[in-house]
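Notes follow the structure.
Note that the numbering runs from 1 along the sequence shown for the chain. Keep in mind that the numbers below use all heavy atoms, side chains included, and drop hydrogens, waters and symmetry copies.
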Amino acid sequence: SSVGGWITGIHLVMQSLEENTDEQLSSIPVNLFDYFAEEIFSKLSEELHDFLLKTSHLENFDCGICNFILKTGNSAELLGYLLGKNIFLESKHFISPDGNTVIIYDYVQLFRTFLLSKSKEILNEDIQKDILYKTSLYYKTNSNPEKAIDYAILSGYQEYSEKLLIENFDEFFLNGRFEKLWNWTDSFNEGSLVNFKNIIYYKGVLCKYFLGKLDRAIDYLDRAIEIS
């Protein structure tokens, strides 16, 4: 098929470079890769277009989260097709604690970058935010608070992000995850902090115990008290 021809062409280019896949792809000029990727993408079905654009926002994902976000039941079939066509999708097999085999997928980085760019062109901002929000909900439901907060922050829904941080701050703090907590709390715009007294308080605590800046810690804690 036409798709197969383009894929074969770019894989031949890759094979003429270094043996390591990541090095191969990073050696290809981005504009050249995008040219091939556009040709491949344009010849896929609308169903696959929708699947690729929406799942490009995910990293290390499985069929379950794809089905949840797209409200479908055929993600395994679509992922199998992409793998069979060598369309820049990688898979790894793991054994879960209950003994089941779990397949984790990820797009090759250059192809994911291309898809994310297409997603921003084609999908409106609300749809993109909804994808990230649903991803956060999925991980929250499946007891993965770290990824739930990561995607909540990316979604831009700050009230929801604060709620997750309130629910999980103590556990991450007691486990010494100060840098992660700081990155999360620091993602809140300083101008909007007046609406998030808990985030102000957390930043005060982290300024003391993570950054070692007592003056800043006192400033944040005083601001939190004023809002209370």
* Apply side-chain hydrogen bond (donor to acceptor under 3.5 Å, both in side chains) to Lys140 and list each qualifying residue two or more places apart in sequence or on a separate chain. => none
* **Basic-acidic side-chain contact under 4.0 Å: Glu171, Arg177** => no
* Salt bridge Glu159-Lys163, side-chain N to carboxylate O under 4.0 Å -> no
* Asked: Do Ser155 and Tyr160 get their side chains close enough for a donor-acceptor pair, meaning under 3.5 Å?
  -> no
* How does the hydrophobic cluster around Phe94 look, that is, which other residues are in it when side-chain heavy atoms under 4.5 Å mark a link? -> Val102, Ile104
* Without swapping roles, check the side chain of Ser161 against the backbone of Ala152 for a donor-acceptor pair under 3.5 Å. => yes
* Those residues that, when tested against Glu190, pass salt bridge (Lys or Arg N to Asp or Glu O under 4.0 Å) (two or more places apart) -> Lys203, Arg223
* **Pairwise side-chain hydrogen bond (donor to acceptor under 3.5 Å, both in side chains) hits with a residue in residues 204-213, at least two apart** => none
* Structure fact -> Taken in chain and number order and not counting sequence neighbours, the residues that satisfy side-chain hydrogen bond (donor to acceptor under 3.5 Å, both in side chains) with Ser187 are none
* Asked: Can you hop from Tyr81 to Leu58 via hydrophobic side chains spaced under 4.5 Å?
  -> yes
* Cation-pi geometry met for Lys129 and Tyr157 (6.0 Å, 45°) -> yes
* Sole residue of Phe178, Tyr202, Phe173, Phe172 in ring pair (Phe, Tyr, Trp, His ring centres under 6.0 Å) with Trp184 -> Phe172
* Which word best sums up how the rings of His49 and Phe41 line up, parallel for under 30°, tilted for 30 to 60°, or perpendicular for over 60°? -> parallel
* To do: Check whether the side chains of Gln158 and Asn195 place a donor and an acceptor atom closer than 3.5 Å, and report yes or no.
  => no
* Does any non-hydrogen side-chain atom of Leu70 lie less than 4.5 Å from one of Asp50? -> yes
* **By side-chain contact (heavy atoms from CB on, under 4.5 Å) - contacts of Asn144 (at least two apart)** => Tyr139, Glu146, Lys147
* **His57 side chain to Ser119 side chain, donor-acceptor N/O pair below 3.5 angstrom** => yes
